[in-house]
**Student:** 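Right, I'll just put the structure down here and ask away after.
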Amino acid sequence: MNPKPEYENEGYKPSGKLENKVALITGGDSGIGRAVAVLFAKEGADIAIVYLDEHEDAEVTKQKVIDEGRKCITLAGDISKYEICIEAVKKTASEMG
């Protein structure tokens, strides 16, 4: 993505609003989706991200979430397909409760 999106706010002070919650975020590999994933992790949520095919970008997001001390799974697939959506929810629930 050019220009590279900004997704971290060094001055942000989390308050634990999402402690022990799970978030399933579509488009979590970059841009707004990555920003949401990182901020939700800062607030205490474990994260599942669904993305189309940018595997390297998804791994960057996953590492940023892990760096915040939270769990993260990545799920590649086209969410315009019903079956992918169902699979994403099932996998998120089975791996993260």
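Side chains included, hydrogens not; waters and symmetry mates left out as well; all remaining heavy atoms used.
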**Student:** Sorted by first residue and then second, give each ring pair (Phe, Tyr, Trp, His ring centres under 6.0 Å) pair with at least one member in residues 51-80; sequence neighbours left out.
**Tutor:** Y51-H55
**Student:** Please name all residues satisfying side-chain hydrogen bond (donor to acceptor under 3.5 Å, both in side chains) with K42, sequence neighbours left out, ordered by chain then number.
**Tutor:** E68
**Student:** Give, for atom CD of Q63 and atom SG of C72, the distance between the pair rounded to the nearest 0.5 Å.
**Tutor:** 9.5 Å
**Student:** Please table the atom pairs, donor to acceptor, closer than 3.5 Å between any side-chain atom in residues 76-87 and protein atoms at least two apart or in another chain.
**Tutor:**
from	atom 1	to	atom 2	distance (Å)
D78	OD1	S80	N	2.9
D78	OD1	S80	OG	2.8
D78	OD2	S80	OG	3.2

**Student:** As an exercise, state the distance from OG1 of T74 to CD1 of I47, rounded to the nearest 0.5 Å.
**Tutor:** 13.0 Å
**Student:** Out of curiosity, I25 CD1 to L39 CG, how far, rounded to the nearest 0.5 Å?
**Tutor:** 9.5 Å
**Student:** Minimum heavy-atom separation for I49 to A58, with atom names?
**Tutor:** CD1-O, 3.9 Å
**Student:** Hydrophobic clusters join Ile, Leu, Val, Met, Phe, Trp and Tyr when side-chain heavy atoms are under 4.5 Å apart, directly or via other members; which others share one with L52?
**Tutor:** none
**Student:** Output side-chain donor-acceptor pairs under 3.5 Å for residues 89-97, partner residues at least two apart or in another chain, one line each.
**Tutor:**
from	atom 1	to	atom 2	distance (Å)
T92	OG1	A88	O	2.7
S94	OG	K90	O	3.3
S94	OG	K91	O	3.1

**Student:** Hydrophobic cluster membership, with links at side-chain heavy-atom distances under 4.5 Å among I/L/V/M/F/W/Y: are V60 and I73 in one?
**Tutor:** no
**Student:** Going by salt bridge (charged side-chain N to carboxylate O under 4.0 Å, His left out), name the residues that satisfy it together with E43, two or more places apart in sequence or in a different chain.
**Tutor:** none
**Student:** For R34 and D57, work out which heavy atoms get closest and say how close.
**Tutor:**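 Scanning both residues, the minimum pair turns out to be NH2-O, 2.9 Å.
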**Student:** Can you tell me which residue pairs pass the salt bridge (charged side-chain N to carboxylate O under 4.0 Å, His left out) test with a partner in residues 11-23, sequence neighbours excluded?
**Tutor:** E19-R70
**Student:** Looking only at atom types and distance, does a side-chain atom of D46 sit under 3.5 Å from a main-chain N or O of V22, one as donor and one as acceptor?
**Tutor:**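 Absent.
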